[in-house]
Amino acid sequence: MLRKEIIKEYVASLKEDGELDYIFPLLLERMGFRILSTPKQSKGRSQYGRDVVATKKVKGKPTLFFFELKGFSAHDITDRTLSEPDGLIESLTASVNTPFRDASIPGLKDYVRRFVYAHNGTVDENARPTLDGFVERFFPDGNFERWDINKLTELFSKYLFEETLLTDEDSYRLLKRALVLLDSEGNDYSDIVQLVNLQISKLEGQKPSTRTETNFFATIRLIGALVYCYSIQADNLYPAKYCMDTIVLKTWAWILRNKLEKKKRIIELYRPLVTQQLSIYEAYLNKIIDATGFKKSFYSFKPSDTEYIFYPLRCFDFLGDLMYYFFTTEYFGIKEDDIRLQKTIVREIINNNTGFKMPLLDTHSIPIQLVFLFLMRDHEKEDGKCMTMFVYETVANLIKQYQNKKMWPELTGNRMALAKSLYKKSDDYCCDSSLLIVVLFELISYMGLEPLYTRFWEVVEESKVNLQIAFPIQEEYDIEQCLFEHRLYDELSVQTSIKLPKTMEGFRSAYYKPYNSIAYRTDAAGFDYLRILAHKYYETDLFPDFLGRVYCKNVE
């Protein structure tokens, strides 16, 4: 099992806001509580000394628990933290004196009330007499508990670590490495991937059981929570985002592999993973979006020649994340005004940063298509105008790069080869073929940019680049399952040496892709957006019908 001193060190390090209050509800769930309210749900409103509200039967009696959490500078109980504003006395007084209502729970007014003060510190002996006197006066019925660092360590150890699957030496080693190296330079987060894969492998060959599956989902949620908390401490939320992407994808692949997507209980266990992921995405993206109103806001503060590469890469990586988050929030029922705001954000960052119009990798076709689909569905004038300029300037930059360097975007996604080609094309740099260029011709046609079509066609013809389209091989592989497991290579059939018509009119009448759409089990389960995550994460080219069926024809 995880060493108790490691658990204690971890619990002691948790700050209240965003750390202790993030993982504490998970602990309560594992202890059998039903969560009614969390700090995130009540953010921006008065909490009346109640960070978490939950219910549980105690000795057969329904009981309502009010938890007040304190960490960081308030983790120890001292004379100062007892009496300061929002301190122990003020918080608990407000909690006792303020009624709590929830019409969805019949008979709630008759529930026994208990109050818990949870702090990852200790009590200063000088403050103990005041604390004891306050508790005796305000809680004469003995309905008060204090969970200090020792109590929390015991609970975290028993219900989160020992009860989950992180008890073997390999899991402990990988978890420790992942957390220690979290913010180290050049970290590829392979420890996180191995850790998640290891937890999934423990389920293979086991007879399905409610306990095993519940423990598994608790384990991977805990991994995500731990990485998130350490990411906050490092002031770098990227590892947390990457970790949750890995968890959400790998777990869904396991569900598909075992044909569990119709099993209600499994879906109910899985859905909180997506909620957890979106919460992390929201925190991650908000840190960046705040600065996007400025020109070249994604450009380095210390510009150098390398920004010619890093600036566009930074832009397209962020764009993929942003598009996934926006597409996902649509499935959670956001309002039309929120979608309009999201489109405004997309237009603003694209207009303020030329890096979004400088694709350097062929796989940048993925975020480009995501932007097109997002802006042009039920689009307004500003959306069409932005997309027109986006396509126009992107193509213009590609033409300019080819004319200056005889280079199209790198085909295989090899970022090292791209970096080596900053001044002179590396032997490892591959751009003799392209799928991105074909996609851009489709977008040009959608937007009706005939002069741009003609100019682009001339340059592409002159370059003799091998135009390609990738088709998933549906007859031999379970494409959907593979999509969530790894980047597709052998599972794709590539049509090569595509000759495009000279005119846009000819393109619209003669160009098509022979393709039968896939009936996705993922879509039927209500998780359509996960396919976007899979393509983005593994950099698997989007399938031919992603933008619609306009240029697709069913295979006879």
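Distance check: D170 CG to L175 CG gives 12.5 Å after rounding to the nearest 0.5 Å. Of the inter-residue distances, the one linking Y22 atom OH with C229 atom SG reads 7.5 Å to the nearest 0.5 angstrom. Rounding to the nearest 0.5 Å gives a distance of 6.0 Å between CG of L547 and CZ of F372. R257 CZ to L203 CG: the interatomic distance, rounded to the nearest 0.5 Å, is 9.5 Å.
A search for salt bridge (charged side-chain N to carboxylate O under 4.0 Å, His left out) contacts involving E380 returns R340, not counting sequence neighbours. The salt bridge (charged side-chain N to carboxylate O under 4.0 Å, His left out) test applied to R314 returns E307, not counting sequence neighbours.
Residues L237 and I232 are in side-chain contact: their nearest non-hydrogen atoms beyond the backbone lie under 4.5 Å apart. Looking only at side-chain heavy atoms (C-beta outward), R30 and T214 come within less than 4.5 Å of each other. Contact check for K536 versus P367: no side-chain heavy atoms found under the 4.5 Å cut-off. Annotation: side chain of L373 is not in contact with side chain of M323 (no heavy-atom distance under 4.5 Å). Side-chain contact between L313 and H364 is present, with at least one heavy-atom pair separated by less than 4.5 Å. Considering only heavy atoms from C-beta on, D523 comes within 4.5 Å of R531 through its side chain. Side-chain contact between L533 and D245 is present, with heavy atoms from C-beta onward closer than 4.5 Å. Annotation: side chain of R415 is not in contact with side chain of E410 (no heavy-atom distance under 4.5 Å).
Aromatic ring pairs are classed by plane angle as parallel below 30°, tilted from 30° to 60° and perpendicular above 60°; the pair Y529 and F332 is tilted. Between H535 and F543, the angle of the ring planes goes over 60°, which puts this pair in the perpendicular group of the 30/60° scheme.
Checking D188 against S190 by side-chain atom types alone, a donor-acceptor pair falls below 3.5 Å. Judged purely by distance below 3.5 Å, without hydrogens or angles, the side chains of Y520 and E261 never pair a donor atom with an acceptor atom. Side-chain contact check for E382 and T344: no donor-acceptor pair (N or O, by modelled atom type) lies under 3.5 Å. Between the side chains of T522 and E480, at least one donor N or O lies within less than 3.5 Å of an accepting N or O. In the model, D76 has no side-chain atom that pairs as donor or acceptor with a side-chain atom of T78 under 3.5 Å.
For the pair N286 (side chain) and E282 (backbone), a donor-acceptor distance under 3.5 Å is present. For Q369 (side chain) and S365 (main-chain N/O), a donor-acceptor pair under 3.5 Å exists by modelled atom type.
Residues F144 and Y117 keep their aromatic ring centres 6.0 Å or farther apart. A distance below 6.0 Å separates the ring centres of W147 and F67. Between Y325 and Y284, the gap from one ring centroid to the other reaches at least 6.0 Å. Close placement of the F527 and Y270 rings is indicated, their centers lying within 6.0 Å of each other. Taking the centre of each ring, Y242 and Y537 come in below the 6.0 Å mark.
Of the residues T212, D168, T219, N215, the one that meets the side chain to side chain contact (heavy atoms under 4.5 Å, CB included) test with K202 is D168.
Applying the 6.0 Å contact sphere to NZ of K262 captures no more than 12 heavy atoms from other residues, nucleotides or ligands.
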| Full working for side chain to side chain contact (heavy atoms under 4.5 Å, CB included) between V116 and F66 | CA-CA 6 Å; V116 180; F66 301 108; over 6 Å; no

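Closest of all the heavy-atom pairs between L542 and F546 is CD1-CD2, 3.7 Å. Residues S297 and N353 share a closest heavy-atom pair of N-OD1, 2.9 Å. Nearest heavy-atom pair across Q199 and S171 is NE2-OG, 3.0 Å. Contact record, P25 with V52: CG-CG2, 4.4 Å, taken as the closest heavy-atom pair. Nearest approach of F316 to F356, heavy atoms of both residues: CZ-O, 3.1 Å.
Cation-pi geometry between K296 and Y311 is met: under 6.0 angstrom from the ring centre, within 45 degrees of the axis.
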